[in-house]
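Structure first, then comments.
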There are 2 protein chains.
Amino acid sequence: MTEQKQPDARCFDIRPGEIATTLPETTDAGIYFIGRIRTPWQKREDCPRNARESSEVCTIEVDDRYAQALSGVATCTHLLVLYWMHQARRDLVIQVPRHYGEPRGTFALRSPVRPNPIAASVVRLEAIAGTRLRVVGLDCLDGTPLLDIKPYFSSTDAVPDAVVGWHAARKG
Amino acid sequence: MTEQKQPDARCFDIRPGEIATTLPETTDAGIYFIGRIRTPWQKREDCPRNARESSEVCTIEVDDRYAQALSGVATCTHLLVLYWMHQARRDLVIQVPRHYGEPRGTFALRSPVRPNPIAASVVRLEAIAGTRLRVVGLDCLDGTPLLDIKPYFSSTDAVPDAVVGWHAARKG
């Protein structure tokens, strides 16, 4: 365990209206970083606000020990990529995202700030060469640790008519 | 860290054609179990083969310390739920799923057996009462540890025309 309570991960101040909880003393399970994601963005403020705002091709580098696990992945048009948002604090239950300006629960947001900072992004697979995947649809920092790659099944993963009510109400 | 190398999690033998890798000596980050999922299924063989095969309403129980993080979730029709498949071994890179019968890479499969056994399931939200969510779309064991709840945004999460080539070829 190299990461448990990172003092330097708490560098983001609480905004007015935000509420922190007390996290448990210990974690319950360990995860492996299985590779890294290479993107053009070195700082948080450079990242696109969401993945649909970018058509950048990013590179997923999978560690050699998992090379064989990529067998068959090339037949997928889209993948579900899980990664670790290593710079985010983990204790906020109510957040006030800058671009919305109103308080909302962490589980109603896709913010990197959450008890387990695991992101899930759907990407379009452009190419695979060895253990490097070229994909479109990521918005994370360069060097972000990779956790998992899954085939995206439209039969279970795609719900085109899903609605996030609070978000739809903002646009209406 | 209560879980690192679980001898009892290795109870599933390798099938002919399956290949294991050597996992790193230590994990890289820790995760919190933030609640539990209650389902009708007590044994692996009782679980539906995939979530679309079941219309069972399951219950997600979120720990009290995260209660406020649910604010706003009730406005969502669908959620992306992440959970920890705690009974799965983690070292297979090539697997031969029983119902397919041919070897394929772990990252081309949705099998629970993977370096980080994190599942991602899209569920339909039926109701919330306090810290209990009633949802449809899960296929996991009763007592499965919860990792995260995210709002499902069709704009970024839904790709209806995505294809998993190896799977489509089987049906064709």
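Letters A, B, ... are given to chains in the order of the sequence lines, protein chains preceding strands, and every chain is numbered from 1.
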Sort out for me which of P145(B), P160(B), G72(B) touches chain A most, counting heavy-atom pairs under 4.5 Å. P160(B)

Go through P151(B), A67(B), G165(B) and name the one with the most non-hydrogen pairs under 4.5 angstrom from chain A. P151(B)

Is there a path of hydrophobic side-chain contacts, each under 4.5 Å between heavy atoms, that joins V135(B) and W41(B)? no

Under 4.5 Å to a heavy atom of chain A? For R114(B) that would be side chain

Just how far is it from atom OG of S71(B) to atom CH2 of W166(A), taken to the nearest 0.5 Å? 11.0 Å

Between L109(B), L82(B), L80(B), which shows the greatest number of heavy-atom pairs under 4.5 Å with chain A? L109(B)

Using modelled atom types only, decide if a donor and an acceptor are shared between the side chain of S154(B) and the backbone of D161(A) within a distance under 3.5 Å. no

If we ignore hydrogens and angles and just use 3.5 Å, is the side chain of T75(A) paired with the main-chain N or O of V164(B) as donor and acceptor? no

Under 4.5 Å to a heavy atom of chain A? For A20(B) that would be neither

Are V113(A) and I14(A) connected into the same hydrophobic cluster when the rule is that any two of I, L, V, M, F, W, Y join if their side-chain heavy atoms are below 4.5 Å apart? yes

hydrophobic_cluster_shared for L138(B) and I128(B), side chain cutoff 4.5 Å: yes

Does the N116(A) side chain pair with the main chain of Y32(B), one donor and one acceptor, at a distance under 3.5 Å? yes

Spacing of CD1 belonging to I34(A) relative to OG1 belonging to T21(B), to within rounding of 0.5 Å: 11.0 Å

Contacting region of I118(A) [heavy-atom separation from chain B under 4.5 Å]: both

Of all the heavy-atom pairs spanning P24(A) and Y66(B), show the shortest one and how long it is. CD-OH, 3.6 Å

Among R124(B), Q95(B), R65(B), which residue forms the greatest number of heavy-atom pairs with chain A at distances under 4.5 Å? R65(B)

With rounding to the nearest 0.5 Å, note down the distance linking CD1 in I19(B) to CD in Q68(A). 4.0 Å

More than 12 heavy atoms of other residues, nucleotides or ligands under 6.0 Å from CZ of R132(A): is that the case? no

Give a yes or no answer on whether the side chain of D28(B) reaches the backbone of F33(A) with a donor-acceptor pair at less than 3.5 Å. yes

Where the side chain of Y152(A) meets the backbone of V159(B), is there a donor-acceptor pair that is under 3.5 Å apart? yes

Is any side-chain N of the basic residue among R110(B) and D157(A) closer than 4.0 Å to the acidic one's carboxylate O? yes

Are L23(B) and L70(A) linked, directly or through intermediate hydrophobic residues, by side-chain heavy-atom contacts shorter than 4.5 Å (ILVMFWY only)? yes

Minimal non-hydrogen separation, A120(A) against K150(B), with atom names: N-CE, 4.3 Å

How far does CG of L79(B) sit from CZ of F107(A), to the nearest 0.5 angstrom? 11.0 Å

When rounded to the nearest 0.5 Å, the distance separating CD1 of I31(A) from CD1 of I31(B) is 6.0 Å

Whatever's closer than 4.5 Å to a heavy atom in chain A on L147(B) counts as both

Tell me whether F153(B) is reachable from V136(A) by hopping between hydrophobic residues (I, L, V, M, F, W, Y) whose side-chain heavy atoms are closer than 4.5 Å. no

